[in-house]
Amino acid sequence: MNKPITIPMRAGIASRQAHADLPPGTYEREIGREGFSGQATHMYHLHAPTAWLRWDGPHRPRAYDLNRMDTAASGLMNCPLDAPLVASNQHMRLRCWKTEEPMSHLARNADGDELIFLHAGGGHLYCDYGHLLLRDGDYLLLPRGTAWRFEPTSSSFLLLIEATGDSFQLPDRGMLGEHALFDPAVLDVPQLDAEFIGQQNNAASSREWAVRIQARHRVSTLVYPHNPLDAVGWKGTLAPVRLNWRDIRPVLSARYHVPPSAHTTFLTQRMAICTFCPRPAETDPGALKVPFFHSNDDYDELLFLHSGQFFSRDGMGPGMFTFHPAGFPHGPHPTAYRTSLTNPRTEFHEVAINIDLRDPLDIAPGMSSCERTSHADSWNGYLDRADHQLGQVVA
Ligand SMILES: [Fe+2]
């Protein structure tokens, strides 16, 4: 059986504890495997790893504003399967769907589980399993092959995350126990309630109903002479589940900046979805209060801001996302970093979703219209060499 090389090694001036009590005037960078859970070394630099002068080449940090995304030409039927592609690889497809009108047909994704995040709006979900009323901040996990439709009650903005050929599962909570992060009892499933029975019995139930099925990323349509959402009962272990970020109770430490992986909400074989929820900041004077610099060489990272101001990024608003490809350094922006040293926030109120992808991600060609092209140059302005140390800034 293969074994990693794990000789404890040390050179020069280094902290005894990662992410805390950095040598004065240094920036910490993590070089690691397996995201944040494998072997790692922490480097202590005199300059910020993101304090570059110029950027050249095809790979670079990117930022996009989905509020500016034009979805008018996204399809003929107000169908989520026609929603414009934002980014994809062979194991994930991310789409952005903005809708105001109720669907008059059903959608069924046979290519993989679909994880919906409702960024704005709300409405009624009707599916094979029953009815759920959705609100902003909801994740809705639809098992592969579930037929569903959405009736928004207000203008809605949804992210659709397809686990292509895969399924979403929950992470192992390990020492924290089964009820940490969120109690499984907070997961809601669709109900065969009065609304569901009502849509079986109203006038529309006897008209023709189309079921649009996506398989191998092509859409085919089945037409029934009746409403296919006609279940009178079901039993089993597989069903859509709803989780709102407000029911997530993030793990944290007053003395240690926990890595993003501690906020993992859903996992597939090749993707992790993390949710950053409101939480108090670290209080130990020596503890990092923003992420350490790193290049996340094993994963491409996509961070979507749902609400608030993201604690380590400057100039990012709700509805925007950043894309940081594996292999290129990133870390806290200069203003956020300086604030963490001089006047650290005591609480973080933002809500954000991080999608970590084990395989290289392609941003969809149409996304250039809503790209903030200056993002790669947005890290100017760090403190100069040795002019800073944790807890105070030397004038
Ligand atoms: Fe990262």
Side-chain angles (χ1 to χ4, degrees), residues 18-20 22 27-45 48-52 55 59-64 86-87 89 92 94 161 171 250-253 256-268 270-277 279 281-282 287-306 308-316 320-337 340 348 350-363 372 375-379 382:
H19 319 327
L22 308 196
Y27 295 87
E28 183 185 70
R29 177 170 68 108
E30 180 169 299
I31 305 172
R33 298 190 192 277
E34 303 297 325
F36 305 106
S37 59
Q39 284 176 273
T41 285
H42 298 95
M43 313 291 296
Y44 296 92
H45 291 282
T50 48
W52 48 74
W55 198 287
H59 295 293
R60 63 180 59 202
R62 296 184 183 276
Y64 298 87
V86 171
N89 62 27
M92 193 283 294
L94 172 66
I161 309 166
V251 293
L252 50 94
S253 166
Y256 178 72
H257 182 80
V258 298
S261 48
H263 303 291
T264 303
T265 311
F266 300 103
L267 280 171
T268 72
R270 309 292 293 176
M271 164 171 50
I273 309 282
C274 308
T275 313
F276 300 119
C277 293
R279 60 196 184 282
E282 297 81 358
L288 276 183
K289 296 168 182 68
V290 286
F292 42 91
F293 294 87
H294 71 121
S295 302
N296 211 21
D297 296 290
D298 290 326
Y299 289 87
D300 276 8
E301 294 184 4
L302 195 153
L303 179 86
F304 175 80
L305 183 60
H306 170 55
Q309 285 290 320
F310 198 68
F311 73 120
S312 63
R313 304 268 162 89
D314 299 344
M316 188 178 178
M320 291 186 66
F321 76 90
T322 56
F323 169 52
H324 290 157
F328 290 81
H330 61 271
H333 271 95
T335 301
Y337 192 81
S340 78
F348 302 119
E350 62 270 33
V351 178
I353 297 172
N354 199 59
I355 307 175
D356 278 354
L357 302 136
R358 195 63 191 252
D359 305 283
L361 186 70
D362 293 315
I363 300 294
R372 179 178 287 184
H375 184 60
D377 298 317
S378 62
W379 277 270
Y382 285 105

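Whatever order the structure lists them in is the order used to number ligands and atoms, beginning at 1.
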Under the rule for side chain to side chain contact (heavy atoms under 4.5 Å, CB included), what residues qualify as partners of [X], not counting sequence neighbours?
X: F321; value: Y64, L66, V86, L302, F304, F323, I363, M367
X: P360; value: D300
X: S378; value: H333, H375

Any side-chain donor near an acceptor of the partner, E28 and H42, under 3.5 Å
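Note: E28 and H42 side chains miss the donor-acceptor criterion.
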With 2.8 Å as the limit, jot down which protein N, O or S atoms are around the Fe ion (ligand 1).
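You should have found H294 NE2, E301 OE1, E301 OE2, H330 NE2.
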Are the side chains of E282 and L288 in touch, meaning some heavy atoms are under 4.5 Å apart?
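No, every pair of side-chain atoms sits at 4.5 Å or beyond.
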Could you tell me whether F293 and H45 have their ring centroids closer than 6.0 angstrom?
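No, ring centres 6.0 Å or more apart.
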